There are 2 protein chains.
Amino acid sequence: MTISVVLAEDQGMVLGAFAALLRLEPDLDVVATATDGHKALAAVLEHDPDVLVTDVEMPGISGLDVAAALRRDGHRARVVIVTTFARSGYLRRAMDSGVAGYVLKDAPIDQLVGVVRRVHAGERVVDPQLAMAAWDSADPMTDRERDVLRLAADGLPNGEIAARLHLAEGTVRNYLSTAITKLGVRNRIEAARLARDRGWL
Amino acid sequence: MTISVVLAEDQGMVLGAFAALLRLEPDLDVVATATDGHKALAAVLEHDPDVLVTDVEMPGISGLDVAAALRRDGHRARVVIVTTFARSGYLRRAMDSGVAGYVLKDAPIDQLVGVVRRVHAGERVVDPQLAMAAWDSADPMTDRERDVLRLAADGLPNGEIAARLHLAEGTVRNYLSTAITKLGVRNRIEAARLARDRGWL
DNA sequence: GGTTGCGGCTGACGAATGTCACGGTTGTCG
DNA sequence: CGACAACCGTGACATTCGTCAGCCGCAACC
């Protein structure tokens, strides 16, 4: 019995390479591919595959959002996330979204096929060293601090951030200040870098 | 007659997928793979391949640096750059380094094989729409402005930037100001984003 | 030789950012 | 209930950042 797979990845060349590779496995059947989150979701609904293999960072909606949507609708497809960086925040959100597997693009290629099979067999598979890292790095920021930092990271000045969030400018400064302190950095730029690297934005 | 290829790419899974794919072509022979710039350079020197296919962004030295080193030593290997983003600054540097081919990971997978063959045949191949973009987007910044912006992008405050470059703090502020004006943005954060996206840092 | 333009460099000054002390609301626990 | 802790929100104040006017050296050009 073959395992049907939908594959989503925004870089066409990588998508093509992964697809070609999975097709070499006799027990796997790549029934569709997609280059963004919306198309991935549509492809899953249309083809009802056993497994969805998806990148996190894609144009439009992310792979994590697709996983959350499938879980909400009670869809049977099991989701494997394949991503570039070991961002522990992503892993946490992935777990909350009921993702079944989490693999790094740094890993050897054989892992991908193996994880697809194990996930289809009912296991939940996470890169072990990544699972460790997720524990001791919980996001210390509050929702408001995250909102403000997200906008600050795009280069918006405080005044504009305040306008968008309907806050006083002093309030925006204060949230940024607490975020900077909590993260142990010197200014908004370093705060944004650190938070992004950890997957907290 | 087969074309011998060395393949360099830091993400193990992508490297494996590309390698597997190139090996499917009867006229291509992948003689070695590498996961960073140093290993790529060593592999080329050891195996003397016809073509080196390499990513730009890798730990240690970049693919562009490898290309420049090979050119300097007068090595016969022809270089194909495969990269994620259409950063026109990279393309410019690639051309200066004597790179023979430049492909985007967004492109379909068939292009990679095609470009390797065409490059081996003596052609110089660049994604056409990318070549257009490179023309009208020359870096308007001076060397000093670039130095300062690079450090500012890492979140260093002006005082520390000044110390590292042996400048007065006012001078640093001024370079950043001119850079911000030239790029047509509002502050250092937006300037850093824009310059990075264009490959100017 | 004059002058025109560009890049490196600087200090002064207004504008934005970061810090601090504080009040209001909500939820939890003894 | 009262005490406590956590988060949201604000204005005042010091620090940092961004802009401006200007000086120097150098190369291009008539």
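Keep in mind the model is a prediction, meaning the values are calculated, not measured. In what follows, chains are A, B, ... by sequence order, proteins preceding strands, each numbered from 1.
A close approach under 4.0 Å does occur between a side-chain nitrogen or oxygen of A:Arg188 and OP1 or OP2 of C:dT17. Checking the phosphate oxygens (OP1, OP2) of C:dT19, a side-chain nitrogen or oxygen of A:Ser177 falls inside 4.0 Å.
Between the CD atom of A:Glu169 and the C1' atom of D:dT10 there is a distance of 12 Å, rounded to whole Å. With rounding to whole Å, B:Ile189 atom CD1 is found 13 Å from D:dT16 atom C1'. If you take CZ of A:Arg186 and P of C:dT17, they are 18 Å apart, rounded to a whole angstrom. Spacing between atom CD of B:Glu190 and atom C1' of D:dC17 amounts to 15 Å, rounded to whole angstrom units. Rounded to whole angstrom, the span from the CZ atom of B:Arg173 across to the P atom of C:dT17 amounts to 15 Å. What separates CG of B:Asn187 from C1' of C:dA15 is a distance of 13 Å, to the nearest Å. If you measure from atom CG of B:Leu165 to atom P of C:dG7, you get 18 Å, rounded to the nearest angstrom. The separation between B:Ile161 atom CD1 and D:dG18 atom P is 9 Å, rounded to whole Å.
Judged by distance alone, the side chain of A:Asn187 and the main-chain N or O of A:Glu190 form a donor-acceptor pair under 3.5 Å. At least one donor-acceptor pair closer than 3.5 Å links the side chain of B:Arg78 to the backbone N or O of B:Glu123. For the pair A:His120 (side chain) and A:Val116 (backbone), a donor-acceptor distance under 3.5 Å is absent. In terms of modelled atom types and a separation under 3.5 Å, the side chain of B:Ser177 and the main chain of B:Arg173 share no donor-acceptor contact.
Between A:Arg188 and A:Leu156, the shortest heavy-atom contact is NH1-O, 3.9 Å.
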Residues 51-59 of chain A side chain polar contacts: donor-acceptor under 3.5 Å, at least two apart:
residue: A:Glu57; atom: OE2; partner: A:Arg87; partner atom: NH1; Å: 3.1
residue: A:Glu57; atom: OE2; partner: A:Tyr90; partner atom: OH; Å: 3.1

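Screening A:Asp106, A:Val103, A:Leu104 against A:Thr83 for a side-chain contact (heavy atoms from CB on, under 4.5 Å) leaves a single residue, A:Leu104.
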What's touching nucleotides 4-8 of chain D from the protein side, N or O pairs under 3.5 Å?
residue: D:dC8; atom: OP2; partner: A:Thr142; partner atom: OG1; Å: 2.6

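For the pair A:Gly170 and B:Asn158, both in contact range of DNA chain D, the more 5′-proximal nearest nucleotide belongs to A:Gly170.
Listed candidates were C:dT19, C:dA16, C:dT10. Nearest to the side chain of B:Ala168 is C:dT10.
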